[in-house]
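Small disclaimer: the values here were computed from a predicted structure and weren't measured.
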Amino acid sequence: AGELDVRSSAAPPVQQSLQMTGLEVAEWRLFDLAKLFRDQRLFNSPPFRFHHVLLGDMYLELLPGVPQPEYCALFFRCRVPTMRLRVRLEVGGGAFAKSFEVMGKSTEAMDLKEGRCLQINLSAPKVLNADGSLLVRASLEDVVQVPASLQDLIRRQDERASWPKRL
């Protein structure tokens with residue numbers, strides 16, 4: 001009596017992972033794509049930071065079934081409303097790749113209309129890995145526009161970082 005059944009409390013299988021390389025590259029791996037497509041809902045990556053901590057959280061989104069059932073659309077999101085970044089999304093080692101500008105305040109519908117996303121055919125060769133996972137590589141190409149108040153904060157923080165340290 002009182003024994004814990006470990007099998008019933010086991011964590012659900014991991015559906016995604018995110019790995020950062022420096023401050024300009026994120027690799028988002030998604031597992032069990034069949035479940036994502038069954039649910040037919042927008043799926044978000046964990047938040048990450050590119051370039052500078054003050055630019056805030058960024059994340060990737062996958063929208064299944066767009067523009068056709070075996071396709072999906074990939075979006076890049078940043079939370080600062082008036083910020084613009086130039087990013088590149090790649091899938092399948094470059095089999096599908098696109099560079100585009102993202103805006104801080106945008107919707108899936110706006111981005112689809114303006115071509116600010118990467119649409120991929122999941123049944124195309126080299127798109128999925130041998131284990132059936134999807135690897136999305138996002139890289140920051142340029143910080144196009146940052147709000148003036150945020151630029152000033154970044155400049156001041158960088159100046160403070162270069163001050164002599166007290167021992």
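Considering CG of Leu89 and CD of Gln119, their distance stands at 12.0 Å, rounded to 0.5 Å. Annotation: the span from Asn121 atom CG to Gln68 atom CD amounts to 7.5 Å, rounded to 0.5 Å. For the atom pair Gln16 CD and Ser133 OG, the distance stands at 12.5 Å (nearest 0.5 Å). One finds the CD atom of Glu90 at 8.0 Å from the OG atom of Ser99 (value rounded to the nearest 0.5 Å).
Residues Trp28 and Leu135 are not in side-chain contact: their nearest non-hydrogen atoms beyond the backbone lie 4.5 Å or more apart. Here the side chains of Phe75 and Leu112 are in contact, with some heavy-atom distance below 4.5 Å. Annotation: side chain of Pro64 is in contact with side chain of Gln40 (closest heavy-atom distance under 4.5 Å). Between Asp57 and Arg49 there is a side-chain heavy-atom pair separated by less than 4.5 Å.
Residues satisfying the salt bridge (charged side-chain N to carboxylate O under 4.0 Å, His left out) criterion with Asp131, sequence neighbours excluded, are absent altogether. Contacts of Leu128 classified as side-chain contact (heavy atoms from CB on, under 4.5 Å), with partners at least two apart in sequence or in another chain: Leu33, Leu122, Leu134. Under the salt bridge (charged side-chain N to carboxylate O under 4.0 Å, His left out) criterion, Glu114 pairs with no residue at all, not counting sequence neighbours.
The nearest pair of heavy atoms linking Pro47 to Tyr59 is CA-CB, 4.3 Å. Pairing each heavy atom of Glu141 with each of Val87, the nearest pair is OE1-O, 4.1 Å.
The only member of Lys98, Lys105, Arg116 that meets salt bridge (Lys or Arg N to Asp or Glu O under 4.0 Å) when paired with Asp111 is Arg116.
In terms of hydrophobic clustering, with Ile, Leu, Val, Met, Phe, Trp and Tyr side chains grouped at heavy-atom distances under 4.5 Å, Leu60 and Leu63 are assigned to different clusters. Residue Val91 is grouped with residue Met20 when hydrophobic side chains (ILVMFWY) are merged at heavy-atom distances under 4.5 angstrom, including chains of intermediate members. Tracing side-chain contacts under 4.5 Å through hydrophobic residues (I, L, V, M, F, W, Y), one reaches Phe96 starting from Leu74; they form part of the same cluster. Both Leu18 and Leu85 sit in one connected hydrophobic cluster of ILVMFWY residues. Membership requires side-chain heavy atoms under 4.5 Å apart, directly or through other members. The hydrophobic clustering, which links ILVMFWY residues whose side-chain heavy atoms are closer than 4.5 Å, places Phe100 and Ile120 together.
Using a 4.0 Å cut-off between charged side-chain N and carboxylate O, Arg77 and Glu108 make a salt bridge.
Relative orientation of the Phe48 and Phe76 rings is perpendicular, given thresholds of 30° and 60° on the angle between their planes.
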Could you check Glu70 against Phe37 for side chain to side chain contact (heavy atoms under 4.5 Å, CB included), going step by step and ending with a plain yes or no? CA-CA 9 Å; Glu70 69 277 4; Phe37 273 71; over 6 Å; no

Stepwise side chain to side chain contact (heavy atoms under 4.5 Å, CB included) check, Leu30 with Val136: CA-CA 8 Å; Leu30 295 123; Val136 180; 4.3 Å; yes

Side chain to side chain contact (heavy atoms under 4.5 Å, CB included) between Met58 and Cys78, worked out: CA-CA 4 Å; Met58 298 168 195; Cys78 55; 4.0 Å; yes

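Under the 3.5 Å distance criterion, the side-chain polar atoms of Asp142 are left unmatched by any main-chain donor or acceptor of Val144.
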